[in-house]
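Notes follow once the structure below has been shown.
The figures here come from the full heavy-atom set of this structure, side chains too, leaving out hydrogens, waters and symmetry mates. Below, read A as the first sequence line, B as the second, and so on, with proteins coming before strands; counting in each chain starts at 1.
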Amino acid sequence: MLWSRAFIPTLRDDPADAEAVSHRLLVRGGFIRRLMAGSWSMLPLGMRVAKKIQDIIREEIDAIGGQEMLLPVVHPAEIWKKTGRWDDVEGILVKLKDRRDADMLLAMTHEEIFTTVATELTSYRQLPQLWYHLQTKFRDEPRPKGGLLRVREFTMKDSYSFDIDPAGLDVQFQRHYEAYGRIFARLGMDAIPVHASSGWMGGKESVEFMVEAAAGEDEIAFCPSCRYAANTEKATSTLPTVTDPTADAAPQRFPTPGIRTIAALAGFADFAAADRQIKTLVYMIAGQPALLLLRGDHELMEQKAIDGLGTWDVRPAHDEEIVAALGAHAGSLGAVGVSGVRIVADPALHGRCGMVTGANEDDWHLRDVSVERDIAVDTWLDLRLVAAGEGCPVCGEPLEVKRTIEVGHIFKLGTKFSEALGAAVLDEQGEQRVIWMGSYGIGVGRNLATVVEASHDDKGIVWPTSIAPYEVVVTVVKGDDAPSVAAAEHIYSALQEGGIDTLLDDRDERPGVKFADAELIGIPYRVTIGPRGLAEGVVEVVRRRDGTVESLDPDAAVAHLMETVRRERTLGK
RNA sequence: CGGGACGUGGCGCAGUUUGGCAGCGCGCAUCGUUCGGGACGAUGAGGUCGGAGGUUCAAAUCCUCUCGCCCCGACCA
């Protein structure tokens with residue numbers, strides 16, 4: 001490709017509304033342009049990268065037996081009503097009507113439709129199956145952000161496995177786990193697999209693949225010594241054992257005028273350190289008030305309550321609801337002597353005594369509370385958000401908490417969809433068996449952006465050769481110097497014929513502009529051709545990722561690049 | 001959905017407080033001089049100031065409504 005003919009609208013300045021690095025660089029580099037919030041056009045450069053990412057995904061999914069298909073983006077409501085998701089995922093699901101007034105929706109994922117296709121499976125002999133497609137999804141996200149990192153319309157590779165039994169599902173799940181590892185490695189990313197909450201996919205077990213990045217939206221707990229890793233939605237940790245003063249004393253009230261927070265109370269009385277307080281949160285769970293109890297210095301992870309209590313209908317109670325339930329305002333609440341309201345307590349409170357908590361009367365607290373003795377706990381449930389420095393639940397070493405981007409997610413769905421839609425086969429005994437399913441997603445655009453988050457410098461993007469829009473850019477320093485032009489064209493066509501994706505910068509621009517643009521768009525190798533080098537019979541080969549320069553004669557440069565690029569293509573470098 | 005900010009040529013911004021000819025830098029076009037790290041000079045094109053309504057002799061500026069968009073918190077590939 002001649003740069004002078006290419007549509008690569010680079011920007012000298014950062015777009016004002018771009019915050020995330022990838023957002024900034026992809027817009028500046030002319031890879032993408034925004035149409036509306038959460039919808040982006042892929043320009044030629046962006047499309048070339050996206051295609052290469054898709055090819056890598058195809059290769060790896062094909063390698064574990066995947067068969068590519070293409071399913072529709074607009075679905076009839078009927079099928080989604082059968083699985084219950086027409087009503088369950090209200091909000092991000094876009095619903096529409098056709099001319100006959102029939103209810104339809106924009107695909108936010110494709111479990112329903114793949115399962116519908118799978119109803120044609122009739123015999124255990126046809127299993128296992130592994131199907132996938134690369135298709136548009138639309139989710140009306142409440143808050144798109146960060147360029148391609150969180151959008152409403154996007155392309156996702158989603159695959160679906162179909163097996164006769166859970167053991168078969170385990171095998172396909174494991175194969176995806178490994179294939180995903182290879183995919184992210186080839187994209188040049190260090191992805192950490194973590195146990196996750198399954199959200200509205202409703203599966204039993206799921207693993208997210210996370211890449212560390214400042215622009216990330218998720219936090220994971222990670223153990224550097226044994227590599228335990230889990231989303232903080234699920235992560236657990238060990239705590240140093242606390243020894244309480246043996247307290248035979250009964251709870252006693254004490255006045256705490258104006259004290260409303262854990263911190264204030266800790267500063268108010270020396271026996272009320274944060275880890276000796278009981279934090280009492282009032283939540284509405286499925287419409288009923290409930291008390292969630294945590295140690296004073298611990299934070300609630302709401303998702304754990306949602307998962308553990310088995311309902312999505314979980315929210316903090318409003319002031320009126322709190323007063324109605326306990327007779328006092330937030331800041332003076334406690335669970336001592338409370339009955340008729342469900343009490344859920346975090347295990348960190350187990351066996352604790354000599355504790356301080358609210359008295360359910362404004363400006364009064366209780367001390368010498370013994371959890372076991374004084375509080376009628378209905379349910380013990382891990383509710384606590386893991387903090388950095390706490391012990392790894394596996395090996396006990398201190399945990400790190402990292403900010404990450406979710407680049408892939410694999411689910412064991414079980415039989416939820418096959419049951420609802422009637423996907424079943426006959427087994428060897430002639431018995432009907434519902435199919436066991438798994439579902440496995442990778443967002444193409446998000447991965448593209450995440451690579452940029454993970455691989456850039458102050459000059460621009462540093463693409464790994466495996467997905468670079470062009471592998472080599474041939475830069476002519478002096479456009480009106482005949483020998484330079486001849487050498488450039490020679491090298492350019494030799495590389496092209498050798499199957500290297502090459503861009504020839506033949507623009508009538510000053511060298512500084514050409515260098516800056518090449519670096520901004522992140523081409524892994526640049527061949528610089530100018531009269532200065534040519535006088536000595538050499539051109540320069542510059543490596544983007546570290547700036548190293550090699551002076552070679554033109555044919556040696558071609559041979560060197562062919563060898564290097566071909567080798568690096570298959571690696572995540 | 002709650003909180004904050006913003007909307008003025010392609011990009012980045014000033015002008016709004018205190019109403020009075022719509023400006024600057026970059027980019028773009030033409031010509032000339034330049035040419036190994038974002039050159040210089042000259043000339044020029046390009047804007048319903050997000051939209052609607054209102055106040056006024058006069059609105060980018062004041063008022064009302066509305067749309068869009070970004071950032072921070074609850075959701076996901």
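- Between the C1' atoms of B:C26 and B:G38, the separation comes to 11 Å (whole Å).
- Residues of residues 31-60 of chain A having a heavy atom closer than 4.0 Å to RNA chain B, listed by number: A:Arg34, A:Met36, A:Ala37.
- At a threshold of 4.0 angstrom between heavy atoms, the contacts of A:Val444 with the nucleic acid are absent.
- When each of B:C75, B:G73, B:A77 is scored by its nearest atom to the side-chain atoms of A:Phe154, the top-ranked nucleotide is B:A77.
- B:U17: no Watson-Crick or G-U partner with both key distances under 3.5 Å is found in any strand.
- Remark: P of B:C1 and CZ of A:Arg315 are 17 Å apart, rounded to the nearest angstrom.
- Projected onto RNA chain B by closest heavy-atom contact, A:Gly445 and A:Gly147 fall at different nucleotides, the more 5' of which corresponds to A:Gly147.
- Side-chain N/O atoms of A:Arg139 include none lying less than 4.0 angstrom from OP1 or OP2 on B:C75.
- The CG-C1' distance, from A:Leu25 to B:C11, rounds to 16 Å in whole Å.
- The ring-ring contact (aromatic ring centres under 6.0 Å, His included) search around A:Tyr180 returns A:Phe184, A:Phe209, not counting sequence neighbours.
- Using modelled atom types, one finds a donor on one side chain and an acceptor on the other under 3.5 Å when comparing A:Asn231 with A:Glu208.
- Listed nucleotides: B:C76, B:C13, B:C72. Nearest to the side chain of A:Glu217: B:C76.
- Listed by first then second residue, pairs satisfying ring-ring contact (aromatic ring centres under 6.0 Å, His included) with a partner in residues 507-530 of chain A number zero, not counting sequence neighbours.
- Residue contacts for A:Pro15: at a heavy-atom cut-off of 4.0 Å it reaches the sugar-phosphate backbone alone, with no base atom in range.
- Side-chain atoms of A:Asp218 and base atoms of B:C76 include a donor and an acceptor less than 3.5 Å apart.
- Salt-bridge annotation for A:Arg403 and A:Glu217: absent, with no side-chain N of the basic residue lying under 4.0 Å from a carboxylate O of the acidic one.
- If you take atom P in B:C65 and the same atom in B:G73, they sit 29 Å apart, rounded to whole Å.
- One atom, NE2 of A:His110, and another, P of B:C76, lie 19 Å apart when rounded to the nearest Å.
- The same atom, P, is picked in B:U16 and in B:G27; the two are 28 Å apart, to the nearest Å.
- Here A:Arg5 does not pair with A:Asp506 in a salt bridge; the nearest charged N to carboxylate O distance is not below 4.0 Å.
- The side chain to side chain donor-acceptor pair (under 3.5 Å) analysis of residues 17-35 of chain A, with sequence neighbours excluded, yields the pairs A:Asp14-A:Arg24, A:Asp17-A:Arg34, A:Ser22-A:Glu453.
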Contact state string [nucleotides 35-52 of chain B, B base, S sugar-phosphate only, - no protein heavy atom under 4.0 Å]: BBBBB-------------
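- If you check B:A59 for Watson-Crick or wobble pairing at under 3.5 angstrom, you find it has no partner at all.
- Ion pair A:Lys157/A:Glu68 not flagged as a salt bridge, since none of the NZ, NE, NH1 or NH2 atoms sits closer than 4.0 Å to an Asp/Glu carboxylate oxygen.
- Every salt bridge (charged side-chain N to carboxylate O under 4.0 Å, His left out) that A:Lys95 has, sequence neighbours left out, goes to A:Glu90.
- By the salt bridge (charged side-chain N to carboxylate O under 4.0 Å, His left out) test, A:Arg342 pairs with no residue at all, sequence neighbours left out.
- Straight-line distance between the C1' atoms of B:C13 and B:C49: roughly 14 Å, to the nearest whole Å.
- For B:C65, the paired nucleotide is B:G51, the pair qualifying as Watson-Crick or G-U wobble because both relevant distances are below 3.5 Å.
- In this structure, A:Trp3 has no ring-ring contact (aromatic ring centres under 6.0 Å, His included) partners at least two apart in sequence or on a different chain.
- Remark: B:C24 base-pairs with B:G12; criterion is Watson-Crick or G-U wobble with both hydrogen-bond distances under 3.5 Å.
- Spacing between atom CG of A:Asp307 and atom C1' of B:C76 amounts to 14 Å, rounded to whole angstrom units.
- Only the P atoms considered, B:G7 is 12 Å distant from B:U61, to the nearest whole Å.
- Checking B:A77, B:C75, B:C70 against the side-chain heavy atoms of A:Gln303 singles out B:C75 as nearest.
- Counting any heavy atom pair closer than 4.0 Å across all strands shown, A:Gly146 reaches sugar-phosphate atoms only and no base atom.
- Put simply, CZ on A:Arg150 is 6 Å from C1' on B:C75, counting in whole angstrom units.
- Contacts of A:Phe114 classified as ring-ring contact (aromatic ring centres under 6.0 Å, His included), with partners at least two apart in sequence or in another chain: A:His133, A:Tyr160.
- Using the Watson-Crick or G-U wobble rule with both distances under 3.5 Å, B:U43 pairs with B:A29.
- Comparing B:G9 with B:U48, their C1' atoms are spaced 13 Å from each other, to the whole Å.
- Using N1 to N3 plus N6-O4 or O6-N4 for Watson-Crick, or N1-O2 and O6-N3 for G-U wobble, each under 3.5 Å, B:U34 pairs with nothing.
- When each of B:C75, B:C72, B:A77 is scored by its nearest atom to the side-chain atoms of A:Arg446, the top-ranked nucleotide is B:A77.
- Nucleotide B:C76 holds its P atom 12 Å from the CE atom of A:Met210, rounded to whole Å.
- In this structure, CD1 of A:Ile92 is placed 15 Å from C1' of B:C1, rounded to the nearest angstrom.
- Across the P atoms, B:G12 and B:A58 are found 34 Å apart, a figure rounded to whole Å.
- Using a cut-off of 4.0 Å between Lys/Arg side-chain N and Asp/Glu carboxylate O, A:Asp218 and A:Lys402 are scored as not salt-bridged.
- B:G23 and B:U66 have their C1' atoms separated by 29 Å, with the value rounded to a whole Å.
- In this structure, the CD atom of A:Glu19 is 13 Å from the C1' atom of B:C6, given to the nearest Å.
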